[in-house]
Undergrad: 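Here it is, the structure in full.
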Amino acid sequence: MVDIAVIGGGPSGAFAAIWSKNANNRVTIFEKNEKLGKKLYITGKGRCNLTNAKIYDEFLENIVVNKKFLYSSFNKFDNFSMIDYCQNNGLKLEIQRGARVFPKSEKSSDVIKFLEDRLNEKGVLIKYREEVKSVYKENSCFYIKTSKTSYKFDKVVIATGGLSYPLTGSTGDGYKFAYKFGHKIIDPVPGLCPIRIKNNDTKNLEGISLKNINLHVKTKNKDLDEFGDLLFTKDGISGPVTLTMSSRINRLKVSQMFIDLKPALSFQKLEKRILRDIEQNPNLDIANNLKKLLLNAFIPIILVRSKIGAHKKSNQITKAERENLVKNIKEFYLDFNGLEKISRAVITSGGIDLKDVDPKTMESKLIEGLYFVGEVLDLDGFTGGYNLQIAFTTAYACGISIKERT
């Protein structure tokens, strides 16, 4: 009987265990928490966006780091394979805006129960509240020391996640284990996280959300744009556009950041629009004249930035002042102050260097019988269910490989 250890009971660990199990092996999950999927439980604000229904090419466009590594495993088990697997085994799903796939109940607890049921059906042993302290290999066997005792295994799967949301158990253990086996670790940085700003004049914007704006970031070598919705927070910005942008810039040097509040209008068309409003209400204070164009909270900020008094009559606005207005609306400046700390990021970007991992099986190229799955790998995507699919896809490739060899 071949003994297999899976370290970590999150989505990738559970899925790897499910697909590894056959009649010839014993599979044991070590989970430091009192239950499986503690981080999965809070995913998507508790609704669990478990994959995305975009077609093959469109899906892969949303893998931001090391997309090519995913090709082999994704061809074996893609997003539609996951959808079919869930629905064929009793978990009803629904597709929502942006092709995001959720359980029909919109409860992450149902996804966790679904995985638990599959594990029980397969006869996988789960050791709760048992933290793995160390792993080493000697004479073709792996030795695992936990917070309770020691074990011997033939194969080990590391599915410990990254560094985001450490209270759920993601404390970077897998990086330490991998490093001791000779694996290189790509420096972990926050992915899909809020962006901090240090503008003094935006403090009153906390809680205000913007729709259909363009977030523009200038870096040393390229300019980046993201279109969609954004939310102002106490000390920065969040929302879908921000999360996506954070994963694009987390290893770049940002030189400038601004919001185009009116991306549908060019500079020229916006100036014509302002001029038309002025001509229709020439005696109105400029602050009142801008209310049709902008959210009230932004008007005093933009007027101060444009060096225009709020009570100045619209017909007294000069061409230069009008051009300033346009510029500050099209380029609402944000003073970039870094990304939110990794513990508050949705995912960890970085992790085990993929050069030493077989993309078809997730097995270490350095240590036979050692596997890595999920967020512990230097492989991540944008928000929208892509990262959970990475967890399921890599876990399937690993599990099938183990099952076929035992």
Side-chain angles (χ1 to χ4, degrees), residues 60-70 162-166 170 172 175 179 183-203 205-206 210 213-261 263 267 301-302 305 327-355 375-384 386-387 390:
L60 289 172
E61 280 173 11
N62 286 277
I63 306 304
V64 65
V65 174
N66 290 321
K67 172 171 62 177
K68 289 182 180 177
F69 179 86
L70 198 64
L163 287 167
S164 55
Y165 293 104
S170 298
Y175 304 145
Y179 185 75
H183 279 269
K184 181 184 174 186
I185 309 300
I186 304 301
D187 188 30
V189 295
L192 302 179
C193 66
I195 294 173
R196 298 198 303 263
I197 59 175
K198 51 185 176 182
N199 302 64
N200 290 323
D201 59 359
T202 58
K203 301 293 185 189
L205 298 179
E206 181 183 355
L210 299 173
I213 56 84
N214 195 64
L215 180 62
H216 182 89
V217 175
K218 289 180 181 289
T219 69
K220 185 179 179 181
N221 297 316
K222 54 185 172 181
D223 290 1
L224 302 168
D225 288 281
E226 282 297 331
F227 178 81
D229 302 346
L230 178 149
L231 172 72
F232 276 86
T233 63
K234 183 180 179 182
D235 54 4
I237 52 173
S238 189
V241 162
T242 308
L243 298 186
T244 298
M245 183 62 81
S246 71
S247 281
R248 296 181 71 187
I249 64 173
N250 56 14
R251 296 185 189 275
L252 302 175
K253 186 171 176 60
V254 173
S255 57
Q256 193 179 359
M257 178 180 288
F258 60 78
I259 302 169
D260 183 347
L261 295 170
F267 277 75
I301 301 169
I302 287 169
R305 291 184 180 189
K327 181 174 172 53
N328 283 301
I329 293 168
K330 294 289 287 179
E331 297 179 3
F332 186 83
Y333 176 71
L334 301 175
D335 195 358
F336 180 73
N337 194 30
L339 301 182
E340 189 52 83
K341 56 189 176 183
I342 200 166
S343 61
R344 290 187 60 197
V346 175
I347 59 155
T348 303
S349 182
I352 293 160
D353 192 338
L354 302 182
K355 290 187 182 113
E375 196 179 350
V376 75
L377 295 163
D378 181 26
L379 179 65
D380 62 270
F382 291 135
T383 183
Y386 302 102
N387 291 290
I390 287 171

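Quick note: numbers below take in every heavy atom, side chains included, and nothing from hydrogens, waters or symmetry partners.
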Undergrad: Is there side-chain contact between F332 and I301, with heavy atoms separated by less than 4.5 Å?
TA: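 Counting from C-beta outward, F332 and I301 do come under 4.5 Å.
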
Undergrad: Which residues satisfy the ring pair (Phe, Tyr, Trp, His ring centres under 6.0 Å) test with F336, sequence neighbours excluded?
TA: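 Here no residue qualifies.
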
Undergrad: Using every non-hydrogen atom in the two residues, find where I185 and Y175 come nearest and quote the distance to one decimal.
TA: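 Scanning both residues completely, I find the closest heavy atoms to be CD1-O, 3.7 Å.
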
Undergrad: Only one of I237, V241, L230, L205 clears side-chain contact (heavy atoms from CB on, under 4.5 Å) with L210; which?
TA: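 Looking at I237, V241, L230, L205, the match for L210 under the side-chain contact (heavy atoms from CB on, under 4.5 Å) is L230.
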
Undergrad: Can you check whether F267 reaches E331 side chain to side chain, under 4.5 Å on heavy atoms?
TA: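 Counting from C-beta outward, F267 and E331 do come under 4.5 Å.
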
Undergrad: List the residues meeting side-chain hydrogen bond (donor to acceptor under 3.5 Å, both in side chains) with R251, not counting sequence neighbours, and say none if there are none.
TA: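 Not a single residue meets the side-chain hydrogen bond (donor to acceptor under 3.5 Å, both in side chains) criterion with R251.
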
Undergrad: Which value, rounded to the nearest 0.5 Å, describes the distance between F69 atom CZ and I390 atom CD1?
TA: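 Atom-to-atom, F69:CZ and I390:CD1 are 10.5 Å apart.
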
Undergrad: Identify the two heavy atoms, one from S164 and one from A345, that lie closest to each other, and give their separation to 0.1 Å.
TA: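 Nearest pair, atom of S164 first, then A345: CB-O, 3.0 Å.
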
Undergrad: Is the shortest heavy-atom distance from the side chain of D353 to the side chain of H183 under 4.5 Å?
TA: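 Answer no - side chains too far apart.
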
Undergrad: Between L163 and P166, which heavy-atom pair has the shortest distance, and what is it?
TA: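 Result for this residue pair: O-CD, 3.7 Å.
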
Undergrad: I'd like to know if the side chain of S247 and the backbone of L192 have a donor-acceptor N/O pair within less than 3.5 Å.
TA: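 Here the side-chain-to-backbone pair exists.
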
Undergrad: Are side-chain heavy atoms of L252 and L224 found at a separation under 4.5 Å?
TA: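 SC-SC contact between L252 and L224 confirmed.
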
Undergrad: Run the side-chain hydrogen bond (donor to acceptor under 3.5 Å, both in side chains) test against S349 and tell me which residues pass, sequence neighbours left out.
TA: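 Result, side-chain hydrogen bond (donor to acceptor under 3.5 Å, both in side chains) vs S349: D380.
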
Undergrad: Tell me every residue that passes ring pair (Phe, Tyr, Trp, His ring centres under 6.0 Å) with F382, counting only those two or more places apart in sequence or in another chain.
TA: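 Here no residue qualifies.
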
Undergrad: So do I186 and L354 actually touch side chain to side chain, heavy atoms under 4.5 Å?
TA: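 No. Closest side-chain heavy atoms not under 4.5 Å.
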
Undergrad: When you compare the side chain of L379 with that of N66, does any pair of heavy atoms fall below 4.5 Å?
TA: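 They are in contact (side-chain heavy atoms under 4.5 Å apart), so the answer is yes.
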
Undergrad: Roughly how far apart are I195 CD1 and D235 CG, rounded to 0.5 Å?
TA: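 Taking CD1 in I195 and CG in D235, the distance rounds to 12.0 Å.
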
Undergrad: Which pair of non-hydrogen atoms, one from L339 and one from C193, has the smallest distance, and what is that distance?
TA: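 Closest approach of L339 to C193: CB-SG, 3.8 Å.
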
Undergrad: Say you draw a straight line from NZ of K355 to CD1 of I352; how long is it, rounded to the nearest 0.5 Å?
TA: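 One finds 14.5 Å between NZ of K355 and CD1 of I352.
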
Undergrad: Please, which pairs that meet side-chain hydrogen bond (donor to acceptor under 3.5 Å, both in side chains) have at least one residue in residues 216-231, sequence neighbours excluded?
TA: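 Sorted result for residues 216-231: N214-D225, H216-D225, K218-D223, E226-R248.
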
Undergrad: Would you mind listing every side-chain hydrogen bond (donor to acceptor under 3.5 Å, both in side chains) that reaches into residues 184-203, with sequence neighbours excluded?
TA: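 Only D201-R305 qualify under side-chain hydrogen bond (donor to acceptor under 3.5 Å, both in side chains).
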
Undergrad: Could you tell me whether the side chain of E375 reaches within less than 4.5 Å of the side chain of N387, counting heavy atoms only?
TA: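 No, side chains not in contact.
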
Undergrad: Are side-chain heavy atoms of Q256 and Y333 found at a separation under 4.5 Å?
TA: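 Yes, side chains in contact.
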
Undergrad: Give the minimum heavy-atom separation between L70 and L60, together with the two atoms involved.
TA: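 For L70 versus L60, the nearest heavy atoms are CD2-CD2, 4.2 Å.
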
Undergrad: Which heavy-atom pair separates M257 from L215 by the least distance, and what is that distance?
TA: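 Smallest heavy-atom distance, with atoms named: CG-CD1, 4.0 Å.
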
Undergrad: What's the verdict on side-chain contact (heavy atoms from CB on, under 4.5 Å) for L231 and T242, showing C-alpha distance, side-chain angles and the deciding distance?
TA: CA-CA 8 Å; L231 172 72; T242 308; over 6 Å; no

